[in-house]
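Below is one structure; the comments refer to it alone.
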Amino acid sequence: MKIEIITTKDEALRENGFGNVKTCNSILDSINSMGYNAMLHVCQTIEDLNEIVKRRPDFVILAVKYIITEDGKTIWLSEFFVKNGINFSGSLKDTLMFDADKVLAKSYLKDKGIHTPRYFTAVPGEYKRDYDIPINYPLFLKPMYSKNYNNKDELSIVNNFSEFEDKVLSLYSLYKAPILVEEYIDGQDFSVSIIKSQNTEMLVSSIEILPPKVDKKLMFLNKEVKKENNKEFISIEDKVITNRVENLAIDVYIDLEIRDFGQIDIRTNRSGHCFFMNANLVPDMTHGVSPFLEAFKIELGLGYDEVLELIVAE
């Protein structure tokens with residue numbers, strides 16, 4: 001079987017996922033080790049994509065949702081390969097829009113009866129006074145569209161109007177997009193990885209994500225200097241919580257009409273109620289740090305190559 005992995009230049013990436021060339025090379029090595037004939041292509045133009053169509057691969061792995069050409073045109077890869085009759089990994093464009101637009105996903109799922117944090121959007125200067133804010137503090141702020149937002153929780157929480165104004169302005173200046181403002185859910189973070197197998201059954205694994213550790217001595221000496229370790233992934237000990245988290249993730253998977261695979265992020269409040277946070281449909285595939293991969297490793301004992309083989313086989 002001829003397989004081609006499609007990505008774009010690292011500097012052109014607008015979001016996280018496994019689109020960076022280093023990660024794609026790791027995937028390429030893994031797939032070739034399985035005995036497949038795989039190639040990696042870094043695409044920037046419609047001509048690059050047309051060359052792939054001419055080669056007629058059996059299957060393309062989409063490491064990014066879209067590419068943006070030099071003239072600013074966005075080409076959604078799933079839509080392109082559907083039109084050209086080539087099988088591809090991941091979901092269709094209409095579903096991928098829920099990944100790209102956080103507000104769209106929350107609004108759609110709320111109408112389906114899925115619990116999400118209360119939210120609104122903001123741009124600099126939109127809210128003039130403290131009592132104009134529609135949700136009580138603390139609030140959690142992040143860009144509405146971008147997935148490559150790596151600020152830690154403690155840097156994204158605001159507790160008063162001055163902090164709110166400053167954070168909206170700094171995020172808007174950086175990402176040039178409206179800011180998603182959510183009610184802060186003070187609880188635990190979970191991630192659920194799902195792959196639909198060939199017999200249409202779902203392979204589901206869930207983990208708890210612990211926050212990064214902070215060197216408080218450095219923080220005391222200089223608030224701007226922080227030494228943080230990677231987030232820690234662990235098994236969920238409480239089976240009741242496991243069932244709640246996984247059932248919610250499965251509902252999201254079905255309601256969004258996700259195809260092939262996806263990562264659903266969920267947070268619980270102190271009462272154990274679950275809230276949908278994000279759907280990541282082109283999840284990170286970086287070995288050792290990816291919640292998508294680590295969930296399968298921790299819960300099912302599946303290694304890097306085994307998860308990739310499941311994706312290819314599906």
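All values reported here derive from a predicted model rather than from experimental measurement. One is the number of the first residue; the rest follow in order along the sequence.
At distances below 3.5 Å, at least one donor-acceptor pair connects side-chain atoms of Ser78 with backbone N or O atoms of Lys93. At least one donor-acceptor pair closer than 3.5 Å links the side chain of Tyr137 to the backbone N or O of Phe161.
Note on residues 77-110: pairs passing ring-ring contact (aromatic ring centres under 6.0 Å, His included), not counting sequence neighbours, are Phe98-Tyr108.
The two residues Phe261 and Ser89 come nearest to each other via the heavy atoms CE2-CB, 4.1 Å. Scanning all heavy atoms of the two residues, the minimum distance from Ala279 to Leu256 falls at CB-CD1, 3.9 Å. In terms of heavy atoms, Val21 sits closest to Thr8 at CG2-O, 4.3 Å. Across all non-hydrogen atoms, the minimal contact from Ile157 to Glu163 is O-OE1, 4.3 Å. Closest of all the heavy-atom pairs between Leu141 and Val168 is CD2-CG2, 3.6 Å.
Side-chain atoms of Met285 and Leu293, non-hydrogen and from C-beta on, do get closer than 4.5 Å to each other.
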Could you go through Thr286 and Asp284, starting from their C-alpha distance and side-chain angles, then the distance that decides it, and tell me whether this counts as side chain to side chain donor-acceptor pair (under 3.5 Å)? CA-CA 6 Å; Thr286 305; Asp284 184 12; 2.6 Å; yes
Could you go through Asp189 and Arg267, starting from their C-alpha distance and side-chain angles, then the distance that decides it, and tell me whether this counts as salt bridge (Lys or Arg N to Asp or Glu O under 4.0 Å)? CA-CA 5 Å; Asp189 286 315; Arg267 175 169 277 199; 2.7 Å; yes
Please evaluate residues Ser206 and Glu299 with respect to the criterion side chain to side chain donor-acceptor pair (under 3.5 Å), reporting the C-alpha separation (whole Å), side-chain torsions for both, the decisive distance (0.1 Å), and the verdict. CA-CA 7 Å; Ser206 57; Glu299 292 304 297; 5.5 Å; no
Show your working on salt bridge (Lys or Arg N to Asp or Glu O under 4.0 Å) between Arg270 and Asp186 and close with a plain yes or no. CA-CA 7 Å; Arg270 292 185 178 182; Asp186 187 10; 2.6 Å; yes
Using the side chain to side chain contact (heavy atoms under 4.5 Å, CB included) rule, take Val60 and Leu77 through it: C-alpha gap first, then chi angles, then the decisive distance, then the call. CA-CA 10 Å; Val60 291; Leu77 297 180; over 6 Å; no
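Atoms CG and CD, from Leu248 and Glu246 in turn, are 11.0 Å apart once rounded to the nearest 0.5 Å. With values rounded to the nearest 0.5 angstrom, Leu169 atom CG is found 4.0 Å from Ser173 atom OG.
Classified by interplanar angle (parallel below 30°, tilted 30° to 60°, perpendicular above 60°), the ring pair Tyr127/Phe164 is perpendicular.
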Residues 33-42, side-chain donor-acceptor partners within the protein, below 3.5 Å, at least two apart:
residue	atom	partner	partner atom	Å
Ser33	OG	Ser30	O	2.5
His41	NE2	Glu4	OE1	3.1
His41	NE2	Arg55	NH2	3.1

